[in-house]
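Note sheet for the following structure.
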Amino acid sequence: MKSVIRQLIGGALVRAKENGELELSVAPEIVVEKPKEEKFGDFSTSVSMMLAKSERKKPRDIAEILCSHLKNGEGQVVASVEVAGPGFINLKMAPTFFLQRLVGVAEEGVDFGASDVGMGRKVLLEFVSANPTGPLHVGHGRGAAVGDMLVRLLKKAGYTVSSEYYINDVGNQMNTLGRSTRLRYYELLGKGGEFPADFYQGDYIRDIAQEIIDRHDQKFLDQSEEESLPFFRKYALEYILNGIKKDLTEFGVGFDRWFSEQSLYDDRLVDEAIDWLREKDYVYDKDGAVWLKSSAFKDEKDRVIIKQTGEKTYFCSDIAYHKNKIDRGFEWIVDLWGADHHGYVPRMQAVLEAMGYDKDVFKVMLVQFVSLKRGGEKVSMSTRSGEFETLADVVKDVGVDATRFFFLMRSSDSHLDFDLKLAKEESPENPVFYIQYAHARICSIFRTAAEQGLNLPLPSKIDLSPLKDEEEFSLIKRILSFTEVIEKSAESLEVHRVPFFLHDLVAAFHGYYSRHRVVSEDKALSLARLFLVDCLRTTIRNGLAVMGVSAPERM
RNA sequence: GCGCCCAUAGCUCAGCUGGAUAGAGCGAUGGUUUGCGGAACCAUAGGUCGGAGGUUCGAGUCCUCUUGGGCGCGCCA
């Protein structure tokens with residue numbers, strides 16, 4: 001919508017230049033925004049202030065010039081133009097400008113809000129990627145909700161999106177996992193020894209061991225660790241991974257691909273990546289290890305990629321993974337990591353830079369921690385104590401919709417207080433219900449309308465002229481700004497904009513609803529209002545859909 | 001010690017690439033029924049945007065310093 005306004009102002013600038021009133025040696029960026037107060041008009045621009053310096057004129061004088069050209073230009077859509085304050089130009093649009101676009105909303109339906117700003121750019125989102133050594137906790141849940149919303153959001157904004165979960169199924173932790181399981185197995189069979197502190201303490205390890213006993217009885221009791229460890233490692237990994245997949249599925253989160261770290265080794269991609277770096281002279285040998293010259297690319301020091309022992313580091317396979325992402329043709333690579341991994345960002349960026357890729361090809365999004373609370377009281381969350389809250393527990397307790405909404409309603413780079421009590425309550429304090437309630441309420445209006453034999457005609461046949469109230473136009477303008485919210489939210493990867501938008505939209509609706517009757521004796525007015533309210537419902541539903549939150553017809 | 005993130009109303013947080021009088025929810029106080037769902041609506045109170053400088057027509061927003069909190073700084077993953 002704003003782009004239309006931008007074109008209008010651009011036209012006025014051109015005419016002013018042709019008339020010799022403005023020099024315009026460089027084309028200015030035309031900033032169009034919605035004025036804070038509606039009495040200022042529908043749109044405003046600050047171009048005249050930005051031009052003041054280069055034109056050596058007062059902002060207000062430039063504004064006057066542009067105003068005259070705007071008035072002459074598009075009499076059809078622009079109702080009035082005026083200069084205000086330090087030099088803002090305020091535009092008021094004709095009612096038809098908005099009404100025509102509202103018809104477009106109904107025509108687009110579920111696609112309303114979609115955009116092509118992404119221009120089909122191939123983007124890969126990697127998220128969650130939690131180590132398969134235990135169940136997902138709430139922190140992973142936030143990453144999952146944010147990542148999954150980004151998938152939906154970027155698709156809607158015209159990107160070509162793929163999603164991946166990187167499985168760290170290599171390294172010491174896998175051995176520790178296998179040993180932990182093996183030891184619990186012995187323990188359950190009455191032959192356990194001391195359980196080391198650095199083994200995985202959680203009860204889920206016992207569950208795995210019990211399942212192995214159920215299926216294989218005492219088969220491994222007499223085997224050496226060397227013999228049986230591969231089995232325990234593999235069994236535990238698959239068990240946990242299946243649990244993770246199940247939790248995510250129940251949370252409404254899916255991936256296009258589960259990418260195994262081990263597969264990078266099996267497919268020789270790790271070796272190829274090392275060779276490649278060697279050719280480029282980005283690695284060197286020192287102290288019996290192999291190092292990457294990451295310090296040449298803004299990292300604070302060089303990093304080991306092959307240990308003295310000959311094992312590759314986690315970083316090493318991650319290099320191969322990200323090289324592979326590039327090789328698969330992705331143009332925008334977005335990783336969502338927990339905030340505790342921020343120290344790892346520079347070295348990964350260094351790798352991409354060494355590969356010769358532009359900085360904006362690779363983006364790491366850090367998702368900050370979640371503090372669990374219950375009625376204001378902190379809930380402790382340490383893995384060691386075993387009393388941490390898993391994602392599955394929270395979802396079971398609070399529900400998918402509320403959990404997702406709470407994870408998405410805050411900017412990802414600020415800490416999140418998640419109050420379990422509040423999220424669970426079906427109370428007015430809970431923002432999820434506030435929005436869903438509006439949707440249900442609109443559905444209810446339609447049930448009433450249907451009882452009275454009122455049915456909406458096709459969008460092209462609707463007569464919207466009965467809509468005259470300012471509040472109605474205020475609602476229409478909000479609805480129409482949805483596409484821009486999607487675009488901005490996608491481009492900036494800021495998911496919280498959508499829930500904020502929805503909250504404001506719905507608040508405006510609830511107010512309107514309490515002051516105006518949608519279904520009344522006036523049939524023409526009723527139909528026009530039903531149409532408006534239907535567009536509102538479409539917007540709410542599409543907004544919630546992008547968040548992966550349901551839009552119930554009844555509550 | 002070095003680096004990253006955060007700091008806005010009593011609490012939890014918005015504030016769009018710098019723009020007009022800094023917003024919302026909760027909490028507090030006081031109101032709203034003869035009609036479409038009161039899980040709602042309306043009104044009032046509440047702020048030196050952590051502090052100090054700077055950049056400019058203009059700063060919550062950008063820069064420097066500083067204070068307080070979170071998190072990192074492995075041949076772990």
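As the structure is a computational prediction, the values presented were derived from the model and not from experiment. Reminder, nothing fancy here: chain letters follow the sequence lines and each chain counts from 1.
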Starting from [atom2] on [N], measure out to [atom1] on [X] and report it in whole angstrom.
X: A:L416; N: B:A14; atom1: CG; atom2: P; value: 10 Å
X: A:K286; N: B:C75; atom1: NZ; atom2: P; value: 10 Å
X: A:I435; N: B:C26; atom1: CD1; atom2: P; value: 13 Å
X: A:R537; N: B:G37; atom1: CZ; atom2: P; value: 13 Å
X: A:E471; N: B:C41; atom1: CD; atom2: P; value: 12 Å
X: A:L454; N: B:G35; atom1: CG; atom2: P; value: 19 Å

For a quick test of reading the model: is some side-chain N or O of [X] closer than 4.0 Å to OP1 or OP2 of [N]?
X: A:K307; N: B:A77; result: yes
X: A:Y434; N: B:C41; result: yes
X: A:H415; N: B:C71; result: no
X: A:R441; N: B:G38; result: yes
X: A:R515; N: B:C42; result: yes

Quote, to the nearest angstrom, the [atom1] distance that separates [N] from [M].
N: B:A28; M: B:G72; atom1: C1'; value: 41 Å
N: B:U55; M: B:A59; atom1: P; value: 12 Å
N: B:U66; M: B:A9; atom1: C1'; value: 25 Å
N: B:C71; M: B:U32; atom1: P; value: 49 Å
N: B:G53; M: B:C13; atom1: C1'; value: 29 Å
N: B:G10; M: B:C2; atom1: C1'; value: 37 Å
N: B:C16; M: B:U8; atom1: P; value: 16 Å

May I ask you to say what A:H341 touches in the nucleic acid, namely base, sugar-phosphate or nothing, with a heavy-atom cut-off under 4.0 Å?
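Base: the residue A:H341, judged by heavy atoms under 4.0 Å, touches a nucleobase.
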
Suppose we define a pair by two distances each less than 3.5 Å, Watson-Crick or G-U wobble; what does [N] pair with here?
N: B:U61; result: none
N: B:G72; result: B:C2
N: B:A40; result: B:U32
N: B:G18; result: none

